[in-house]
Every structure is written in structure tokens, then in C-alpha cells.
Amino acid sequence: MKSIPRAEHPRPDWQRKNWLNLNGEWAFGFSEAEQCPELDRTIAVPFSWAAPLSRVAEDRKGTGWYRRTARFDAEGEIWLVIGAADYEARVWINGHLAGEHKGGYGEIRLNVTPYWNKEEENEICVRVTDEDRDNQTRGKQGYGEIRGIWQTVWIEPVAKSHISGIKAIPNLDQKNIAVTVAAENCTTGDLVEVKILDKGKLVASATGLPGSPLRLCIAEPKLWSPDSPFLYDMEVSLRQGGKTVDKVDSYTAMRKIGTKRDK
């Protein structure tokens, strides 16, 4: 079995336990067609088609097409995520247009449930256009052009009622972290639970309403610094009627940054 490039989860700050990494060999070809054509080449995702690691290694403007199949069956909705694709991307699932995105750096997150067959192989086609237009956002290109899909592609199941955002603000003076959890499609009585762990040991927890800050006190906080970049693991759960319907693993840190005069 071929090894998967970049096999690790791409978002350690936002990780659901059940997921499928779609990195690896995809069918590929250059074409300006509006529907997926026959593809006579392969590419190693998630490397830019201009990069040698992609095995295409052609620094050319234009449109590249990607295609592969995948099977994934899990409870809940099915979401396809592309970490980044430069610059304009369109995604089809089993011939149905599932979504579009413009921008070379942002995450593309699509609910593909209406088009996904959990019991069969599914065809995924992605069209990415990079024309180097003046209105495109561009970064430092000294290492070479980044074109096409250049971050991990994966699938994850997401409950209809699910966590959609986590914001953690540490307060060293009061030895606590204020965590606000956003959630979508909630019902009356839904609760979020946040746990802070140090190498598996629970050091703080709190339960409350989605959207309301929860303050978690840490009696003897370990501080983050460039010399000692300590991170706490954070488990965030959404509960309905006492049952966990969604859970995201993340991390946080205790640190304080400020200004004083000219420092």
C-alpha cells in the first residue's frame, strides 16, 4: 500500500475523531473545460502542480482538474474539506456541483451530504484555476509558485447540531481561560462542555450554554513561552439531552502579551 503524504490531521486545533485523509494519488490534467474531461495524468495531493513533490512539476498558469473516488460511511452529515486551493475552485460530487470558492489561502468546507452515497464509491472532481491575475491575493513567492490544491483534503462526519467555533482567551492574573463555544442548529436545553487536560490529566472543566463564555480555572497554570511552548489539550463537546452529539479536540495555552511604553 502506498503511503499517504501528509498523513497527520491537518487541524490539530480542530479535530474530529472520525475522518478520512484524501491525500495521495489523484487523476489530473490541464484543461479549460467546464465539465470534468478525461484525465491522462496523476498528481500527488496536497502538493502544488508546480512543485516537484506533486510529480507534475509544471509552473504554468491555467486550469487543472483533479478526480478520485472515495467511500465514507458515518452517522451524521458528510463534509468535504480542502485546506487550500490556489485560486478559484469548484467541487463536484458524483456529477453535482457541491460548491465554489475563491482565494488561495482559505479553507474550503462543503456539506456534500445531498450528493454523497454512504454505501458506494463516490466520485470527487475539483477544478482549480490560477491565472495570476492582479486582483488575486498573493503571498511570498520566493520558494516558487503555489498552484492548485496545496493543503490536505479530507472528509469528516458532522452532526446536524454541531460545534462551529471555539474562542479561548487566557487570563493569567485570574488563572483562568474564558472559552466561548459557538454551535449551529441547536435546540433549547443544549449544553457545551469544555475540558482542559495536561497530558491526559483533567485540570479544569465547565459546562454552559453555547455562545456564553465559560471560565475554567487552572490552579497552577503552566505558562507558554517561546522557550517552553506548553500547550493544554482541550476537549469541547455539544450535548443534547445528556448525549454527546458532536466533539472537537483542540488545544490552548496560558500566556500574556502586552505593551508598555515602547516595549
Side-chain angles (χ1 to χ4, degrees), residues 1-15 19-72 79-112 115 121-156:
M1 181 179 292
K2 296 182 179 179
S3 61
I4 298 176
R6 302 303 302 268
E8 72 281 1
H9 195 286
R11 290 284 306 273
D13 66 325
W14 187 268
Q15 182 173 349
W19 68 291
L20 176 65
N21 192 322
L22 295 182
N23 288 347
E25 186 175 281
W26 291 54
F28 179 78
F30 292 107
S31 173
E32 299 299 324
E34 291 299 318
Q35 298 294 325
C36 192
E38 291 295 322
L39 303 177
D40 56 1
R41 308 175 68 172
T42 61
I43 189 170
V45 171
F47 304 113
S48 160
W49 71 60
L53 284 173
S54 72
R55 299 198 295 271
V56 174
E58 292 187 31
D59 184 6
R60 57 184 279 185
K61 298 185 292 184
T63 298
W65 278 92
Y66 301 74
R67 182 176 63 228
R68 69 161 289 169
T69 61
R71 182 190 293 264
F72 189 79
W79 289 64
L80 173 70
V81 188
I82 302 174
D86 194 8
Y87 180 73
E88 298 177 9
R90 282 188 251 168
V91 180
W92 286 262
I93 303 295
N94 295 324
H96 300 277
L97 181 63
E100 303 179 56
H101 182 271
K102 184 180 291 186
Y105 301 93
E107 186 177 84
I108 305 169
R109 181 173 288 270
L110 301 173
N111 183 348
V112 300
Y115 320 112
E121 289 285 326
N122 295 269
E123 182 187 63
I124 305 169
C125 291
V126 184
R127 183 185 194 270
V128 185
T129 300
D130 185 8
E131 293 287 359
D132 288 349
R133 296 189 178 95
D134 291 340
N135 62 349
Q136 288 185 204
T137 304
R138 293 174 60 81
K140 186 185 295 183
Q141 303 297 323
Y143 45 77
E145 291 290 343
I146 298 298
R147 303 188 187 280
I149 296 173
W150 65 282
Q151 292 290 339
T152 292
V153 183
W154 76 99
I155 290 174
E156 64 182 23

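All of these numbers come straight from a predicted model, not from anything done at the bench. Worth knowing before you read on, the calculation uses all heavy atoms, side chains too, and leaves out hydrogens, waters and symmetry mates.
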*With T152, which residues qualify under side-chain hydrogen bond (donor to acceptor under 3.5 Å, both in side chains), at least two apart?*
N23
_Whether E131 and K61 form a salt bridge (side-chain N of Lys/Arg under 4.0 Å from carboxylate O of Asp/Glu) is what I want to check._
no
*Evaluate the side-chain contact (heavy atoms from CB on, under 4.5 Å) criterion for residues L22 and W154: first the C-alpha distance (whole Å), next the side-chain angles of each, then the deciding distance (0.1 Å), finally the verdict.*
CA-CA 5 Å; L22 295 182; W154 76 99; 5.5 Å; no
_Pairwise side-chain contact, V81 with I108, heavy-atom cut-off 4.5 Å (strictly under)_ = no
_Ring-face cation contact, F30 with R60, 6.0 Å cut, 45° max_ = yes
*Residue pairs, two or more places apart or on separate chains, that pass salt bridge (Lys or Arg N to Asp or Glu O under 4.0 Å) and touch residues 4-13*: R6-E8, R11-D13, R11-E107
*Is the count of non-hydrogen atoms from other residues, nucleotides or ligands lying under 6.0 Å from E38 atom CD greater than 12?*
no
_Minimal non-hydrogen separation, I124 against A70, with atom names_ = CD1-CB, 4.2 Å
*In Å, rounded to the nearest 0.5 Å, how long is the span from CH2 of W79 to CG of N111?*
5.0 Å
*If the plane angle is over 60° it's perpendicular, under 30° parallel, otherwise tilted; pick one for Y66 and W49.*
tilted
*CG on D130 to CD on E145, rounded to 0.5 Å*: 7.0 Å
_Minimum-distance pair of heavy atoms, taken over all atoms of D86 and G104_ = OD1-CA, 3.7 Å
_Shortest non-hydrogen contact from A85 toward A89_ = CB-CB, 4.3 Å
_Taking R55 first and then E25, would you say they form a salt bridge - that is, a charged N and a carboxylate O separated by under 4.0 Å?_
yes
*Got a second to check how far I155's CD1 is from L20's CG, nearest 0.5 Å?*
5.5 Å
*Between H96 and E123, is a side-chain contact (heavy atoms from CB on, under 4.5 Å) present by the stated rule, with each step listed?*
CA-CA 10 Å; H96 300 277; E123 182 187 63; over 6 Å; no
_Side-chain (N94) to main-chain (N122) donor-acceptor, under 3.5 angstrom_ = no
*Enter the distance from L110:CG to L80:CG here, rounded to the nearest 0.5 Å.*
6.0 Å
*asked:* Nearest 0.5 Å, please: how far is CH2 in W65 from CH2 in W26?
replied: 12.5 Å
*List the atom of R147, the atom of S48, and the distance in Å for their closest heavy-atom pair.*
N-OG, 2.8 Å
_Pairing residues for Q151 by the side-chain hydrogen bond (donor to acceptor under 3.5 Å, both in side chains) criterion, not counting sequence neighbours_ = none
*Distance in Å, E88 CD paired with K102 NZ, rounded so as to fall on 0.5 Å steps*: 4.5 Å
